[in-house]
Amino acid sequence: MASSPAIKPRSFGPAPSKQLQWRHQLVSRSSSGRNIRGLVTRRSSANENDGEKIAATEDLEARIAAGEFSQYRGSKREALVKPVRKLLASDQGGPGRFLAYALAKASRQWRRNAAERMPEAKGDVRIALMGEDPLFVVLYKLYRAYGRVFQLSFGPKSFVVISDPKALKHVLVDNADNYTKGLLGEILDFVMGDGLIPADGELWKMRRRTVVPAVHRKYVAAMTEMFSECALRGVDKLDASIGTDLPEKGSGKSTSLDMESFFSRLTLDVIGKAVFNYEFDALSKDDAVIDAVYTLLREAEYRSITLLPYWRIPGVSRLVPRQRRCEEALTLVNGTLNTLIADCKQMVEADDEKFMEEYLSKSDPSILRFLVASGDDVTSKVLRDDLMTLLIAGHETSAAVLTWTFYLLAQNPKVAAKMRAEIDAAMPDGPSALTTDDISNKLRYTTRVIYESMRLYPQPPVLLRRSIEEDMVDGYKVRSEADVFISVWNIHRSEEHWGKDVLDFNPDRFGPLEDPHPNEVNTGYRFVAFGAGKRKCLGDMFALYENVVTLSMLQRAFDFELVNPDEPVGMETGATIHTKGGLNMRVRRRKDSSGGNGTVTSDDDLLNQMKMGKWESVSEMGAKASEDSSGASATPTAAAAPAAAANAN
Ligand code: HEM
């Protein structure tokens with residue numbers, strides 16, 4: 001039998017840090033240990049004589065507020081010419097008056113030009129970019145110094161970095177026609193070709209019109225059944241890896257494994273079925289096609305962070321082993337897709353089902369079947385490009401969301417307990433199939449957990465665009481063909497937009513549970529986990545339901561805790577945020593199998609009881625919460641973030 005690679009225990013270095021450590025790490029430390037233009041300041045505490053020094057981020061705030069990091073935004077030329085102009089102006093009735101007038105006019109223009117020049121990040125930027133921190137963390141530090149729109153220059157390259165909801169809306173919605181995917185298209189060209197994510201212009205319009213109808217309401221409902229099946233298979237895998245040799249379930253036996261790798265395989269199984277009805281079965285085995293898919297995913301990420309695109313040099317793919325492997329992987333995956341398309345075409349022709357608007361084949365509800373049955377050109381390369389795009393877009397993103405959600409829950413037992421109570425009530429007899437109605441009605445807090453996780457760890461953390469013509473963004477001039485980084489990470493972690501507790505993991509911040517879930521419009525573009533405007537994610541509901549179902553099933557069956565809770569887990573980036581060495585978690589079967597009514601009493605009571613050793617684990621705590629609250633309101637306490645509610649429109 002094939003080995004089970006996803007659940008092989010492995011050793012892990014880094015493990016997650018506490019929230020405060022994150023705050024400290026993100027705000028106050030540069031990767032290379034060097035200061036980024038004063039981002040790290042050292043201040044002596046009262047007892048400096050004792051050698052105690054603390055990193056004082058408050059000093060930095062004060063220095064930023066004082067404008068220390070902003071470029072001079074007036075016109076230097078104007079300042080130089082001003083005394084001459086004054087002198088000339090005193091020439092009553094003479095030619096000096098005319099010259100003074102001309103200089104005044106020119107000065108106005110220089111002032112205007114200077115005001116439109118955006119702040120520019122200079123100094124140690126290059127060192128910071130080459131350091132250990134992933135790009136989006138460097139951009140966060142620079143944002144704290146240079147503000148919501150700035151230019152990042154190194155060598156001949158320069159980028160505009162946007163970290164502001166209004167500026168984001170301008171680029172993604174109001175003036176979206178002026179922006180292409182730019183760099184992204186260049187990076188992903190080798191694997192996605194003209195697929196929906198990198199495509200632009202008329203081709204994109206045509207493909208979006210073709211593909212969007214495939215992800216209709218009935219399709220998502222049918223997929224939700226499949227999510228349950230895949231998640232149950234995941235539960236079985238974990239259960240088997242824990243072992244059955246102990247007399248009772250929950251008697252303390254556990255397994256430790258890399259949950260990041262587990263989620264990557266589980267979501268590959270899901271997306272294979274959803275997009276082209278293909279059984280990867282990645283949870284149980286490794287095979288050549290799976291390896292090839294991973295080779296391509298890693299190559300896409302590698303290319304997105306490699307500054308010198310050497311693979312564009314003709315002949316390189318034959319000389320560099322990495323590129324040769326990539327070519328071979330591409331040939332294998334494309335061949336597999338071509339076979340799937342051809343098989344699907346045959347089945348559609350043999351099928352006498354009539355195609356209607358919300359067409360759904362019972363035997364094969366995949367997107368491919370929909371597209372072929374709706375008459376899409378099966379010989380076209382764009383169909384294959386789109387399938388590849390959907391495979392990549394829908395796989396890594398969901399895997400990353402699940403990984404970081406489990407990481408955050410492990411650090412926030414109060415939130416985990418509240419969520420557990422709700423999940424237990426929705427599935428009183430243990431993990432069982434969930435429907436879209438269950439998610440909408442019974443798992444609203446769990447859904448908010450996913451949203452809050454996507455706020456803190458947006459996938460991808462940065463969106464890329466390139467301007468076609470010159471534009472004005474937030475009062476600054478953006479030249480034509482400028483590469484623009486829109487940092488969702490910065491917007492989602494901005495104190496200005498989310499309040500002082502911005503780094504806390506608090507699913508209640510989005511307001512009462514019966515309110516609509518957050519989206520770009522009702523948060524004033526502060527929450528843009530699925531993008532915004534015409535290029536917004538078309539798999540948003542699919543992804544949300546997939547994540548809620550998987551999270552609920554696994555949490556219903558097991559307890560998860562970090563193996564090394566005191567070590568930082570570290571982050572790496574490509575298209576999505578990865579941990580540095582995996583998310584190593586210890587997994588135990590839950591002791592309790594009975595459900596509750598989905599409510600909790602006081603978070604603090606439960607936590608105190610846990611601290612006092614009354615409850616051994618989050619699941620016990622959640623079960624207690626359910627018991628205690630029978631008859632109480634079914635809505636967990638909603639301590640909504642005032643900023644969120646106030647800005648909702
Ligand atoms: C939690 C999971 C997911 C997240 C966080 C996510 C996020 C995003 C974001 C932020 C964008 C906009 C990119 C931009 O503006 O540059 C996007 C686009 C896209 N997503 Fe998703 N996505 C997820 C899952 C999925 C799934 C499951 C599918 C397919 C089944 C999918 C298909 C796409 C496609 C095709 C686009 C390009 C749309 C276009 O340009 O017209 N995504 N996604």
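Atoms within a ligand are numbered from 1 in the order they appear, just like the ligands themselves. Computed over heavy atoms, backbone and side chain alike; hydrogens, waters and symmetry mates excluded.
The part of F542 lying near ligand 1 is the side chain, judged by heavy-atom distances below 4.0 Å. Contacts between R208 and ligand 1, counted as non-hydrogen atom pairs separated by less than 4.0 Å, involve the side chain only. For E546, no heavy-atom contact with ligand 1 is shorter than 4.0 Å.
Using a 4.0 Å cut-off to heavy atoms of A393, the atoms of ligand 1 that qualify are 24 (C), 25 (C), 31 (C), 32 (C), 33 (C), 42 (N). Close contacts of ligand 1 with K181, meaning ligand atoms under 4.0 Å from a residue heavy atom, involve 14 (C), 16 (O), 40 (O). Near V401, the atoms of ligand 1 lying under 4.0 angstrom from a non-hydrogen atom of the residue are 1 (C). For ligand 1 and S398, the ligand atoms under 4.0 Å from any heavy atom of the residue are 2 (C). Under a 4.0 Å criterion applied to the non-hydrogen atoms of W204, ligand 1 contributes the atoms 39 (C), 40 (O), 41 (O). Here is the list of ligand 1 atoms found below 4.0 Å of a heavy atom in L390: 29 (C), 35 (C). Every atom of ligand 1 is numbered from 1 in the order shown, and the set under 4.0 Å from a heavy atom of R465 is 14 (C), 15 (O), 16 (O).
In this structure, R493 satisfies the cation-pi test against Y457, with its NZ or CZ atom closer than 6.0 Å to the six-membered ring centre and inside 45 degrees of the ring normal. A cation-pi arrangement is not found for R466 relative to Y179, the charged atom failing to lie both closer than 6.0 Å to the ring centre and inside a 45° cone about the ring normal.
Salt bridge annotation for R265-D286: present, with a cationic side-chain nitrogen under 4.0 angstrom from a carboxylate oxygen. Between R479 and E469, none of the side-chain N atoms (NZ, or NE/NH1/NH2) sits under 4.0 Å from a carboxylate O, so this pair counts as no salt bridge. Using a cutoff of 4.0 Å between basic side-chain nitrogens and carboxylate oxygens, K345 and D376 are not scored as salt-bridged. Residues K285 and D287 are paired through a salt bridge, judged by an N-O separation under 4.0 Å between the basic side chain and the carboxylate. One finds a salt bridge joining D540 and K536 here, because a Lys/Arg side-chain nitrogen approaches an Asp/Glu carboxylate oxygen to under 4.0 Å. Under the 4.0 Å criterion applied to side-chain N and carboxylate O atoms, D385 and R207 are not assigned as salt-bridge partners. The existence of a salt bridge linking R509 and E452 is confirmed by a sub-4.0 Å separation between a basic side-chain nitrogen and an acidic carboxylate oxygen.
Between atom 10 (C) of ligand 1 and the options G539, A529, A575, the minimum heavy-atom separation is to A529. Of the listed residues (L172, I271, V215), the one carrying the non-hydrogen atom nearest atom 30 (C) of ligand 1 is I271.
Looking only at protein heavy atoms, the nearest one to atom 7 (C) of ligand 1 is Q459 O, 3.6 Å. For atom 26 (C) of ligand 1, the closest non-hydrogen atom of the protein is G394 CA, 3.4 Å. In terms of protein heavy-atom proximity, atom 37 (C) of ligand 1 is closest to I197 CG1, 3.4 Å. Looking only at protein heavy atoms, the nearest one to atom 23 (C) of ligand 1 is T397 OG1, 3.5 Å. Regarding atom 42 (N) of ligand 1, its nearest protein heavy-atom neighbour is C537 SG, 3.1 Å. Protein heavy atom in closest approach to atom 13 (C) of ligand 1: L463 CD2, 3.9 Å. Among all protein heavy atoms, the one lying closest to atom 2 (C) of ligand 1 is A543 CB, 3.3 Å.
Assignment of L538 to the shell around ligand 1 is supported, since a heavy atom sits closer than 4.0 Å. Look at H395 and you'll find every heavy atom at least 4.0 Å from all atoms of ligand 1. Ligand 1 has N547 within reach: a non-hydrogen atom of the residue lies less than 4.0 Å from it.
With E260 as the partner, the side chain to side chain donor-acceptor pair (under 3.5 Å) test is satisfied by one option alone out of T579, N584, T403: T579.
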- Check step by step if side chain to side chain donor-acceptor pair (under 3.5 Å) holds for S453 and Y407. CA-CA 9 Å; S453 159; Y407 165 74; over 6 Å; no
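Close N/O approach between R535 and ligand 1 is found [any backbone or side-chain N/O within under 3.5 Å].
Between the side chain of Q151 and the backbone N or O of V160, no donor-acceptor pair lies under 3.5 Å.
The local environment of NZ in K534 is crowded, with over 12 non-hydrogen atoms from other residues, nucleotides or ligands closer than 6.0 Å.
For residues 214-232, the pairs satisfying salt bridge (Lys or Arg N to Asp or Glu O under 4.0 Å) are R217-E358, with sequence neighbours left out.
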